[in-house]
Amino acid sequence: MIDSWIESLKVSLNQSITSHEVDQIKSQYLGKKGLVTAALKDLKNLSNDDKRVIGPKLNIAKNEIASLITEKYTQIKQAQFDAKMVCDYDVTLVGRNQWNGSRHPISIAKQQLSYFMEQFGFHSKDGPEIETEEYNFDALNIPLDHPARQDHDTFYLDGSRLLRTHTSPVQIRCLKNSGSPLRVFSCGRVYRSDFDATHTPMFHQMEALSLSENVTFSHLKGIVHQLLNAFFERDIEIRFRPAYFPFTEPSAEVDIRWGDKWLEVMGCGMVHPNVVVNAGLDPESTQGYAFGVGIDRLAMLKFGIDDLRSMFENNQDMLKQFYAGLV
Amino acid sequence: MILRLPYSLIQEFLQPCSGVVALSDNMTQIGHECAVVYPSPIDKNVVVGHVVTVKNHDNADKLKVCEVDVGLDDVLQIVCGCPSVRPGMIVPVAQVGVKLSNINIKRSKLRGVVSEGMLCSAKELGLEGHDAGLMSLPNSFYPGQIFANIDVFTSPVLEFDITPNRGDCLSVFGLLRDYVAKYGGQINHKIKRKDDFPHQMLARSETDKADSFCAAKLIISSGQLPIEKRHQLTQAGIKLISPVVDVLHYVMLLYGQPMHAYDADQLKGSLRALQGLKREVVLIDGQTIHTDSSDIVICDDESVVSLAGIMGSSETMVSPNSKNIFLEACYFDPSAITVTNRLQKIQSDAAMRYERGVDPSLAHEAIFVVLALMQSYDIASVVCVDVCEYKPNATTIKLRKDQISKKLGVDIPSETVVNILTKLHCLVDNDSTCWHVTVPQFRFDLKQEIDLIEEVVRLYGYDQISVEIESFKPSNLIRENKLFRLSQFLSASGLQEVVTYSLISQDEKKYFGLKKDTPEILNPINNQMTHLRESMLPGLYKVAKYNSARQKNSHRYFEFARVFDGFHEVEKFAILLSGLREPTAIGSQGLSFNYFDIQAHLLMILNTCGIYEVSFKQCPVPGYVSFVDVCVAGKQVGMIAQLHPKFDLSDQSVFYAELNYNEILKHTSAVLYKEVSSHPEIHRDITWISEGDLMSEKLLKEIINCGLKHLKDAYVFDIFHNKSVDTGACHISTRLVFQSIEKTLTDKEIDQSLKQAIDHVCKLNKVKVG
C-alpha cells in the first residue's frame, strides 16, 4: 500500500500545474485526514511486530512524500519567475532627465586655477569691478602721463571712477589692508574698450601676489611652472622673456610652447618698489612677485576654442560640450 | 608701440646679420617682442625689362606699343596703357604665363596688336604704398633679372612691439644698439654726414622743455630717394608723401629722431620754441586746436607754426608747390609732450616717440644725415644751418652689490654685471659695496636701482635663473568652495552655466523695465554696452533668444556674476527657464517649464546651503505675469518672475529668478544633529475647502504655528479647484506627520491634535474641512 502512495503521488504531482493543486495533493497525503496521517494514527492498533516493520517504512514514505511536494513547489515558483523573465522595453531609448547641464569653460578654468592656488597656499581675495583711477593706475606706478595708461583703453564712469582694466588693483587693496607677508590671489571680470576675435570689452583675469622679505624671481619662475603644468595637466615647455609692466620690475611675459609656436599666456614680475611704497610699506623689507593670467585665454587654449567672442555667445551646442563632470 | 622694420634695412646696417627668424627670436629674448611678416611671393616669371622703343598704337589713342628687352634673344612686344611709359625705362615685366593677384598674363591681341606680357606697377605686383603708374626701377637692374630675387622687394618685415619704457629702441640704430649689447656684432653707420654748411641764426629755444634746437634752410630740387629706400619706407608702414618728407622719415626710421619740414616761404623770421602761448592753430590733419599754457609750441615772428613734437600747422606745411623748406630737429621733454598729447588728444608718430623719450643728442646728428641725403640724391640743396649741440647731463644710480641676488635669487658674478652694464653704454664705478652707474642720456627708463637690476637680468637671461618654490602656509577657499559646489549642483541638475556681458544698453534697460540708476560708461565702445546692469535678465534672455533662433526649444541657463545697484556691487545667481522640460525623453514630450521648476532650483540652492525656512511672497509688479519675493528669516534674498508674454519664446513662457549670494551666506548655519525616533510615523490627511485665496504657505504656517504636540511635518499633497461651483472653492489637501521620540502615539493623542489644528485654522480663515 505504502509503495503505491509514492507512485500515485508522482503521477498526480506531474499532472498538477498550480501551487493550489499541489496544496490539495499535500492535504490528501499529509493533511489532518490525509492518507499518511491516517496510517500513522493506525499504527497504535497494530501488533508490536507489525509496528516494528511498518513504523519505519511509514516514516521513510512520509519524508519522501514531503520532499517530493516541496520539490514540486520549487518547480512551480521557478516556472513563475521564468514567466516573468521577459523584457518588453527598448533598453536603447534615452532615459528620463537626460538633458544634462554644463559648466562654462571660463568657470571651469577659474575653478581649476583657484584650486591650484589654494594648494600652493594663496588666499582668495576679492576686489570691486568699479575701481578708482588711483587704485587702477596711480598706485600701480602708472601715473597720469604714462604712455601705458593710454594703452589700457579704459571705460570711465565719472571723473575718478572706472571699470578696472586688470585685477592688479586687488594687489594694492591687499597690501594696504594686510601688509607683508602676503600670499593672495583674485579672480574676476575686467573691462577694456576693445572688440575683435581676440579681444572682448569684458574678460577675466586671475592675479596672484606673494610678498615677504625674501621672495625672489626664482620663486616666481617656480610657481609659474607649477601652475601651467597643473592647468594643462602635462609638462609644458615654458619660456620667460623680458617685458614691461609699470607695476613690476623685472617684468616678464611667459610663453608656452604650443606646437611649433610660442604663445603668450601671462605677464609677471617682481613687484615694483614704487608700488610697495605707494601702499605705505618699506621696499627694503618687502619684496615679492605678482602675476596675472587671462582666464579666458587659458580656457581657450585648453579646450581649443579659437574665437574669444564665442565664449560670450553661449551657443547651446558649445555649452553642452563642457559637461558638468568635467570639474 | 609697433615698429615695423624691413629685414633688408637691418641687413644693411648690422654685421654680421643672422637669419630673419633667428634675429626675430633673439630680439624677443631681450624684450623686444618680434614677429616676422613675409610678403606674398612674386612669380619667378616677373623679370626686369628695359623699354627699348615706344610707339603709338594705330587703333587706340591711349595705348602704346613697346619693345621691351627682358634679356632674351628677341625683344618682347608689349602693349601698355600707362601714359608714363618712356623709352629707356627699367620696369618689372610680367611675362606670358604669370599669374598676378587678379590677372593671368596671356599672349593676346589688344586692338589687333599682339602683346607678349605686361609692364607692371608696384601695386600690380602686390607691393603697397608706392606711387601709381609703372614701377620705375634704377639702371642698376639689368634686363632679364628675376624680380623675386631682388632682396629688397622680397624682404620680410620684422614687426616689433616696443614696450613704452624703451623709446630708445624705436629705430634701426636704437634697436641694434640693444641687440649688439647682448649678441655682439657691428653697427655700420655708413651714411656719410656733411657738416660744412654756412651758418645762420635760424632757431632758438626759450623753454627748458625744448633743447638742441637744430634747423636748416634748403631749396628744393628734382631728385628723390631711390626706389629701394622708398620701398623700405612703405614696408615700415610709412606713407610716401614727398621727396623731402620721405627723407625725414627715412632718417627717423634709422635714428629715431622725428623732424619737421616747413614751407620756408610761409614762415616769418626765425623760429622759437616756447611754452605758455595761448593761440588757435589749424594743424596739418585739419583740426583746429587752442594751445594751452602747458603746451610747447614752435612759433615764428607772427604765429604758432607747430604744436611742438606733435604736428605742424597746415598753413606752413610743405606742399607740391613749395620751393624753399625749413627743417626743424629738436629735443622735447617727454612729460611735457605727454601732457599736451593727453589734453589735445592728437595721435602722431612723432608724439608717440617724444612721449617715450627721444635721445637729446640725436637732433644734431640726424639733421646732418638728412642734409647729406638731400644733397646726394639731389632732393634739395642746403642754404644754411643753425645747430645746437646737446650738453650731457648725466644721471648716476647706486646699485648695491647684494641686491641682485636678493631680488633674483641667483648669484651673478661681479664681472658679468659690470660687463653687461658697460655694454649697455653705462659707466660703472666700483666701490666695496656698490656700483655707481652713470646711465647714457638715451635711457629715459633707468632711474633707480631696480631698473639696473632689470637690465642686468634682461641681458644675463631669464632662462639662467633657477626654478624654486618658496615656503608657504596652507590656505583654504571657504567662500569659493561653496560657490563652486553650488554651480556644480546647478549644472548637475540640468542647467547650463553661461557668462554674459555686464554691460547693457539703454534700450535693454527700457525693454526689461529696469529702473535702477546704474553707472553709465562715459566713453562706451558701442551703443549696445553703455550701462552696468542691475539684473542679469537681459543677458540671460539674450542667450535664450540667440539659441531659440537656432532651433533650440529648451532653455535652462544660470549665471553667477555681479550686478550693480548704483555704484554698489552685488553678487548673484540668476536662472532662466523656458521651453520644454525634456525635449528628448520618452513620455515627457510636451511638458513645459513652469513656475515650480524654477522655484525648485532656487530651493535646491537654498537647501544645499542648509536653508530650509524659505517663504515666497507674491507681490504684483506691473509688466510681469507673476513676481515673487523669496525671503529667508523675513529678509528678501531673491526673486522669481514669470515674464510678460511679450518675452515668450516660441509661445513658451519665460521664467527668471535671482538669488543674492551674500545674503544666502548670512543665513547658512552649522549642522546640529537631531535625534532620530525609533517609533513609527503616523500620517493624517485633512482637506481644507477654502472660498477665499488661501495660499498653501500661509495654511501650513498656521498649522505648524498652532503648537501641535509631536507634529513632525506638514505639507500639501493635492490642490483641486472646484470649477463647477460658482465660488470656485479650492480644496487643499494637507498631510500632517506625527512622531514622538519617546513612544508610539495613540489615536486619541493624534485626534486631539487634529481638532486643535482644525479649530485654529478655521478661526483664522474662511475655510471648512472636507
Side-chain angles (χ1 to χ4, degrees), chain A residues 93-104 106-107 111 114 118 120-124 128-130 145 147-148 155-157 183 189 193 195 201-202 210 215-219 221-223 225-226 240-244 249-250 252 270 272-273 287 311-316 319-320 324 327, chain B residues 28-31 163-165 335 338-339 355-356 407-410 450 454 457-458 462 465-470 472-477 479-480 484 487-488 491-503 519 521-523 525 529 543 546-547 552 554 562 567 569 582 584-586 588:
Chain A
L93 282 174
V94 173
R96 285 196 192 100
N97 293 321
Q98 272 308 298
W99 215 91
N100 291 331
S102 55
R103 292 295 303 280
H104 195 281
I106 294 173
S107 277
Q111 189 166 331
S114 298
E118 178 193 26
F120 278 79
F122 289 83
H123 296 268
S124 168
E129 290 174 20
I130 298 175
D145 297 332
F155 287 121
Y156 286 91
L157 300 176
R183 200 168 169 82
R189 295 183 172 203
S193 185
F195 214 163
M202 179 193 92
S210 174
V215 172
T216 67
F217 199 94
S218 236
H219 299 137
K221 283 187 75 173
I223 197 77
H225 274 269
Q226 294 289 342
F240 281 69
R241 63 182 161 79
Y244 172 76
E249 188 161 13
M270 298 298 289
H272 199 289
Q287 66 173 50
M311 291 280 214
F312 305 107
E313 280 171 0
N314 300 295
N315 188 316
Q316 283 189 11
L319 295 175
K320 72 181 180 193
V327 267
Chain B
T28 300
Q29 280 302 323
I30 54 170
T163 55
N165 59 329
S335 55
T338 312
V339 170
E355 266 181 357
R356 288 159 173 75
K407 293 280 181 200
L408 303 177
V410 63
I450 192 72
E454 179 179 57
V457 65
R458 185 172 69 89
Y462 284 13
I465 295 178
S466 57
V467 176
E468 281 160 32
I469 295 282
E470 70 271 34
F472 57 84
K473 291 184 193 137
S475 77
N476 59 61
L477 300 176
R479 199 170 170 284
E480 279 70 16
F484 293 153
S487 302
Q488 202 58 17
S491 64
S493 70
L495 301 192
Q496 294 193 302
E497 187 182 17
V498 299
V499 175
T500 65
Y501 291 118
S502 318
L503 296 166
I521 309 285
L522 295 180
N523 54 336
I525 191 166
M529 299 182 173
V543 173
Y546 173 93
N547 284 297
K552 301 294 188 281
S554 182
R562 292 183 195 184
F567 281 86
E569 301 177 20
E582 290 184 57
T584 55
I586 300 299
S588 306

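Keep in mind it's a predicted model, so treat the numbers as computed, not measured. Naming: A, B, ... by sequence-line order, numbering from 1 per chain.
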Would you name the heavy atoms of A:F195 and B:M529 that are closest together and state the gap between them?
CE1-CE, 4.0 Å
Should B:N523 and A:F155 count as side-chain neighbours, where that means a heavy-atom distance under 4.5 Å?
yes
Tell me, side chain or backbone of A:Q226 under 4.5 Å from chain B's heavy atoms, or both, or neither?
side chain
Looking only at side-chain N and O atoms, does A:E118 offer a donor or acceptor that is under 3.5 Å from a partner on B:S475?
no
Contact part of B:I30 toward chain A, heavy-atom cut-off under 4.5 Å: side chain, backbone, both or neither?
backbone
Contact check, side chains of B:L503 and A:M202, non-hydrogen atoms, under 4.5 Å
no
Between A:F122 and B:F472, is the gap from one ring center to the other below 6.0 Å?
no
Backbone N or O of B:K407 within a donor-acceptor pair of the A:T216 side chain at under 3.5 Å?
no
Per-residue contact mode, B:L495 against chain A (heavy atom under 4.5 angstrom):
backbone
What is the distance from atom OG of A:S193 to atom CD1 of B:I525, rounded to the nearest 0.5 Å?
3.5 Å
Can you check whether A:N314 reaches B:Y546 side chain to side chain, under 4.5 Å on heavy atoms?
no
For A:Y244, does its backbone N or O pair with a side-chain atom of B:N165 as donor and acceptor, under 3.5 Å?
no
May I ask you to name which of B:S502, B:P474, B:P519 has the most heavy-atom pairs under 4.5 Å with chain A?
B:S502
Are B:E470 and A:S210 linked by a side-chain donor-acceptor pair shorter than 3.5 Å?
yes
For A:A243, is it the side chain, the backbone, both or neither that has a heavy atom under 4.5 Å from a heavy atom of chain B?
backbone
Residue B:V457 versus chain A: region with a heavy atom under 4.5 Å
side chain
Is a donor on one side and an acceptor on the other found under 3.5 Å between the side chain of A:N315 and the backbone of B:N547?
no
Chain B contact via A:H225 - which portion, at a heavy-atom distance below 4.5 Å
side chain
Under 4.5 Å from any heavy atom of chain A, what part of B:E480 do you find: side chain, backbone, both or neither?
side chain
Tell me, do A:R189 and B:V499 make a side-chain contact under 4.5 Å, heavy atoms counted?
yes
Could I get the full list of salt bridge (Lys or Arg N to Asp or Glu O under 4.0 Å) partners for B:R458, not counting sequence neighbours?
B:D178, B:E455
Using a distance-only test with no angle check, is there a side-chain donor-acceptor pair under 3.5 angstrom linking A:S102 and B:S491?
no
Distance-only, no hydrogens or angles: does the A:K221 side chain make a donor-acceptor pair with backbone N or O of B:I469 under 3.5 Å?
no
A:P273 versus chain B, the contacting section by heavy-atom distance below 4.5 Å:
side chain
Contact part of B:S493 toward chain A, heavy-atom cut-off under 4.5 Å: side chain, backbone, both or neither?
neither
Rounded to the nearest 0.5 Å, what separates atom CG in B:L522 from atom CG in A:L157?
6.5 Å
Flag for A:S107-B:E497: side-chain donor and acceptor within less than 3.5 Å:
yes
Highest number of heavy-atom pairs under 4.5 Å with chain B among A:Q287, A:M311, A:K320 belongs to A:Q287
Strictly distance-based, threshold 3.5 Å: is any side-chain N or O of B:E569 a donor or acceptor partner for the main-chain N or O of A:I130?
yes
By a 4.5 Å heavy-atom criterion (distance strictly below it), what part of A:R183 contacts chain B: side chain, backbone, both, or neither?
side chain
Taking atom OG1 of B:T500 and atom NE2 of A:H104, what is their separation to the nearest 0.5 Å?
9.0 Å
For the CD atom of A:E249 and the CD atom of B:E454, what is their distance to the nearest 0.5 Å?
4.0 Å
Leading residue by heavy atom contact count with chain B [cutoff under 4.5 Å; candidates A:E129, A:E313, A:H272, A:M270]
A:E129
Min side-chain heavy-atom separation A:P250-B:Y462 under 4.5 Å:
yes
